Amino acid sequence: MIKAVTGTRDILPNDIPKWNFLLSIVESVFTKFNYKEIRTPIFEETSLFARGIGEATDIVSKEMYTFIDRSGDSVTLRPEMTAGVVRAFIEHSLDKKQNLNKLFYAGPMFRQERPQAGRFRQFHQFGAEALGSNDPLLDAEMIIMSYDIFNRLGLKNLIVKINSLGVPESRENYKKVLRQYVEPHLNKLSSESKKRFDTNIMRIFDSKEENDQKIMANAPLLIEYLDEESLQHFEKVKQTLLSNKIPFEVDTKLVRGLDYYTHTTFEIVSGSVGSQSALCGGGRYNLLVKELGGSETPGVGFAAGMERILLACENEKSFLLDDEKIDVFIVTIEKGLEKFAYQTAVDFRRKGLIVDLDYLSRSVKAQMREANRFNAKYVLFIGGEEFSRDEIVLKNMRNSEQKNFSKKDLDKIFESIKEK
Ligand code: AMP
């Protein structure tokens, strides 16, 4: 038997309502902040991600689904959306149409990671990007929007972590200091961290190795080396969060080790989902648009993982959806009336009702069971003694009330169903 590829999952009909509920909240919150949806292709030229995410990152160096297509071009399934959104922004000169573009997206992403709870190879993210302004209010806005989305899902167990990476100049100074601090410990670091010493020194803070963490616990912190402008930017973000009732903590080790990241980084973690606890992450990237060939344009954004969010919701039982109901189930009592029943169903559907009926020549009892399984609000009986008197019977399943209608009066039946 052929099974779904490792790390990918089917979303079965029973799970769709919660996905749609999540998406409806995402869309509602983004729309209130006047963000507009953008959809970019699932795959892009490989070089976009190599440049847009960075060769030294785990994503690009180890996790991309890259293949050579039939024309011999190297393409990659998108591992995240920012690079694609920025490419589209540059390609369509969106900055010429308006100075500030506030965009949001939702869709599948692909990374060849080791599958585990909360980590998949095809997973779904939603997120936002604001391109064209360096205003710290927008950094705060990303955090406020994600927090509001989680709030509306009923999630409680959340921690907002923020940090500032400042501007590249102060970061370069800091890296020199960090290098001086790490160098004497180099022999004791894990091989991964040793590599990072050369490629991406700040990411040694991300190491999960206990010994690395011990060494880094006493390392100098970037925040102590920030210039005045960066400190002011960070202060404004914090003030904005406070005045908009977002609890947060400053996590000075929250680094994104790429040169085009500037100022704010943030992450929201949940205490309800085990070790893969980050529900979303983001930050400011004032140098990325230029890096990808556009004109210098400040940007800020975040991405959130939908599987993890839904897992947190499930573990916290944070929301309960009503059982899905259909409006009418048509029970056909006698052979020979299937055509009438079918036409009636199509007719009601075209008027806007959710209607189903039997396709398996089942007994009346089995049809009633089916009606109950679908939580039908009404059952319409076609056949029997009533039908020979040109009547059909409508049963309200909530209170078991029955009403007879002339079989020619489908409009009246429709009206009485619609009214309830
Ligand atoms: P990132 O783009 O790595 O900053 O990730 C943003 C968010 O996407 C994370 O906080 C997770 O919630 C989610 N995410 C990232 N990678 C995966 C994955 N492999 N499986 C499921 N969710 C993921």
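Every number for a ligand or one of its atoms is a count from 1 in the order of the listing. Remember, it's a predicted structure, so these values are computed and weren't measured experimentally.
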*Would you indicate whether K97, at its atom NZ, is surrounded by more than 12 heavy atoms from other residues, nucleotides or ligands within a distance under 6.0 Å?*
yes
*Check the angle between the aromatic planes of F266 and F302 and answer parallel, tilted or perpendicular using the 30° and 60° thresholds.*
tilted
*Enumerate the atoms of ligand 1 whose separation from the nearest heavy atom of G118 is less than 4.0 angstrom.*
20 (N), 21 (C), 22 (N)
*Per-atom contacts of ligand 1 with C280, taking only distances under 4.0 Å to non-hydrogen atoms*: 10 (O)
*Check ligand 1 against E113 and write out every atom of the ligand that is under 4.0 Å from a heavy-atom position of the residue.*
16 (N), 17 (C), 18 (C), 19 (N)
*For ligand 1, is any non-hydrogen atom under 4.0 Å from R111's backbone (N, CA, C, O), its side chain (CB onward), both, or neither?*
side chain
*Applying a 4.0 Å heavy-atom criterion (strictly less than), which segment of Q125 is in contact with ligand 1: side chain, backbone, both, or neither?*
side chain
*How are the rings of F348 and F414 set to each other: parallel, tilted or perpendicular (split at 30° and 60°)?*
tilted
*Assign the ring pair Y225 / Y174 to parallel, tilted or perpendicular, where the plane angle (0 to 90°) is split at 30° and 60°.*
tilted
*Which residue pairs pass the ring pair (Phe, Tyr, Trp, His ring centres under 6.0 Å) test with at least one member in residues 84-109, sequence neighbours excluded?*
F30-F104
*asked:* Taking CD in E210 as the centre, count heavy atoms belonging to other residues, nucleotides or ligands within less than 6.0 Å. Is the count above 12?
replied: no
What donor-acceptor contacts under 3.5 angstrom involve side-chain atoms of residues 310-320, with partners at least two apart or in another chain?
residue : atom : partner : partner atom : Å
E314    : OE1  : K18     : NZ           : 2.8
N315    : ND2  : S272    : O            : 2.8
E316    : OE1  : K156    : N            : 2.8
E316    : OE2  : N157    : N            : 3.3
E316    : OE2  : S272    : OG           : 2.6
S318    : OG   : L153    : O            : 2.7

*Which atoms of ligand 1 are found less than 4.0 Å from any heavy atom of L279?*
10 (O), 12 (O)
*asked:* Which of the numbered atoms in ligand 1 are under 4.0 angstrom from any heavy atom belonging to A303?
replied: 6 (C), 7 (C)
*Does R308 reach ligand 1, in the sense of a heavy atom lying below 4.0 Å from it?*
yes
*With atoms numbered from 1 as shown, which atoms in ligand 1 lie under 4.0 angstrom from a non-hydrogen atom of A278?*
9 (C), 10 (O), 11 (C), 12 (O)
*asked:* Taking distance alone, with N or O pairs closer than 3.5 Å, would you say I59 contacts ligand 1?
replied: no
